[in-house]
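To find a chain, count down the sequence lines: A is the first, B the second, and so on, and within it residues start at 1.
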Protein chains: 2
Amino acid sequence: MTESAPHSTGARKLPTPVAAAIDRAESLLQGQGLRLTPVRRRTLEILLETPGALGAYDVLARLAADGFGSQPPVAYRALDFLVEHGLVHRLRRINAFTACSHPGEHHHAAFLICRNCKRVEEVHAEHLRATLVSDARRAGFEVERTSLEASGLCPDCREGAIPDGAAT
Amino acid sequence: MTESAPHSTGARKLPTPVAAAIDRAESLLQGQGLRLTPVRRRTLEILLETPGALGAYDVLARLAADGFGSQPPVAYRALDFLVEHGLVHRLRRINAFTACSHPGEHHHAAFLICRNCKRVEEVHAEHLRATLVSDARRAGFEVERTSLEASGLCPDCREGAIPDGAAT
DNA sequence: TGTTGACATGTGATAATATAACTTTTAGGT
DNA sequence: ACCTAAAAGTTATATTATCACATGTCAACA
């Protein structure tokens, strides 16, 4: 668990990307009078440390291992809070959560989910969302939230991958 | 449960929209050497008869009431089959299923889900999907399936509706 | 015509995901 | 120190989904 020294850039205070993201999250929340409590902070860290997405129960297991409560509401509450405030995204196709890549920008994103390695790529989707919102408005429908998700193969998994729908 | 006579258009053989859709579905499947078995047929009917979307267990309850098996796999198998062959769509935001409005056209759709009355509107989303596919390709990601869903308020529910996120 | 083989269905058990309802703790304001 | 509101903990349960295996159906064809 010891953190390795930052490579040749000269040793500052170990500002890992995760720590930086946590700091940013904390500022964002404080600016709105909200608190990044220990469970919430740890939940966000867990997601930031994970390349792909995690299910609520995966998060819960890690939280419990760190001494937090071990019942589902502990994880769901923290996750819901983080989603609500734009720090985490919920992926409905796979019932999982992933840290937001660009918190605080009030953006709308789409997600590319690799069915092979489970990694998740967040892509900007302002245009995509705008199109959907206006298509909807034409139908008299007022859009409040969107889920824009795709599954398929990430660059690393494209070679030698099993075709969609086929088996061994 | 007796079917009322078709109104003033002259009594043919009761070609309800549901029956017509079932016939279409059957042709489509037969053209591919697939069978619209009784459970599958009834499952599709159930969804066609319902304005909104139904959860798998809602479908299951209706199937069981009609004398089919009462265990979850009965519903999930029929639903999965119908989804697989483009006759039914799965809505991931609400864990529910809805009959396809335009079967056999091999289209891609987006869904507008009313959070108030639960009705679902299917809109064409070829352009939307094409945009997402090409955004993804730019990131080296190969898209296989998409979920494009929005929740909000349908035309009927927009007046006097409770604002998103607020309470009584 | 009877066997076979593939597909479909039925069933029991259980896994995975999510929420409700209530209690206790904690942080911050007075 | 006391109070209050938000947060965290806990018990229980609801909801959604899959696995594994037994049984049934039906058409091809020997």
Suppose we screen for side-chain hydrogen bond (donor to acceptor under 3.5 Å, both in side chains). Which residues come up paired with A:Glu142, at least two apart in sequence or across chains? B:Arg158
Of the listed nucleotides (C:dA8, D:dA7, C:dT19), which one gets closest to any side-chain atom of B:Thr37? C:dA8
What closest approach, in Å, do B:Arg93 and B:Glu149 show between heavy atoms, and which atom pair accounts for it? N-OE1, 2.9 Å
Can you tell me the distance, in whole Å, between the CZ atom of B:Arg93 and the P atom of D:dT16? 16 Å
Just compare D:dC19, C:dT19, D:dT16 and give me whichever is closest to any side-chain atom of B:Asn95. D:dT16
Residue pair A:Phe97 / A:Ala56: nearest heavy atoms and the distance that separates them: CE1-CB, 4.0 Å
Rounded to whole angstrom units, what separation is found between the CG atom of A:Leu36 and the C1' atom of D:dA8? 15 Å
In whole angstrom, what separates B:Ile94's CD1 from D:dA17's P? 11 Å
Could you tell me which residues satisfy side-chain contact (heavy atoms from CB on, under 4.5 Å) with A:Gln71, sequence neighbours excluded, listed by chain and number? A:Pro73
Would you mind reading off the distance between A:His85 atom NE2 and D:dA6 atom P, rounded to a whole angstrom? 13 Å
Mind checking what makes salt bridge (charged side-chain N to carboxylate O under 4.0 Å, His left out) contact with B:Asp58, not counting sequence neighbours? none
Can you name the nearest heavy-atom pair linking B:Thr98 to B:Gly52, along with the distance? OG1-O, 3.5 Å
Applying side-chain hydrogen bond (donor to acceptor under 3.5 Å, both in side chains) to A:Arg41 and not counting sequence neighbours gives A:Glu26
What integer distance in Å separates A:Asp80:CG from C:dT17:P? 15 Å
State which residues pass side-chain contact (heavy atoms from CB on, under 4.5 Å) with A:Asp135; sequence neighbours excluded, sorted by chain then number. A:Thr131, A:Arg138
Qualifying residues under side-chain hydrogen bond (donor to acceptor under 3.5 Å, both in side chains), relative to B:Thr37, sequence neighbours excluded: none
Remember a base hit wins even if backbone is also touched, and classify A:Val39 as base, sugar-phosphate or nothing at under 4.0 Å, heavy atoms. sugar-phosphate
Letter per nucleotide, 5' to 3', of nucleotides 22-30 of chain C [B base touched, S only sugar-phosphate touched, - untouched; heavy atoms, 4.0 Å]: -----S---
Could you tell me how far apart B:Leu79 (CG) and D:dT18 (P) are, to the nearest whole angstrom? 11 Å
In numerical order, the residues of residues 21-33 of chain A whose heavy atoms come under 4.0 Å of DNA chain C are none
B:Leu91 CG - D:dT15 C1' separation (whole Å): 17 Å
Check the distance between D:dT25's C1' and B:Arg40's CZ and give it to me in whole angstrom. 13 Å
Any residue in residues 60-72 of chain A with a heavy atom nearer than 4.0 angstrom to DNA chain D? Just list them by number, or reply none. A:Phe68, A:Gly69, A:Gln71
Looking only at C:dA18, D:dA17, C:dT11, the nucleotide nearest the B:Ala56 side chain is D:dA17
Assign B:Arg90 to base, sugar-phosphate, or nothing according to its heavy-atom contacts below 4.0 angstrom with the strands shown. sugar-phosphate
Under the salt bridge (charged side-chain N to carboxylate O under 4.0 Å, His left out) test, residues paired with A:Glu45 that sit two or more places apart: A:Arg42
Any donor-acceptor pair under 3.5 Å joining the side chain of B:Tyr57 to the base of D:dA14? no
Test of understanding: with ring-ring contact (aromatic ring centres under 6.0 Å, His included), list the residues that count as partners of A:His89, not counting sequence neighbours. A:His107, A:Phe111
Phosphate OP1/OP2 of C:dT19: any A:Tyr76 side-chain N/O under 4.0 Å: no
Under the side-chain contact (heavy atoms from CB on, under 4.5 Å) test, which residues partner B:Leu34, sequence neighbours left out? B:Leu29, B:Gln32, B:Phe81, B:His85
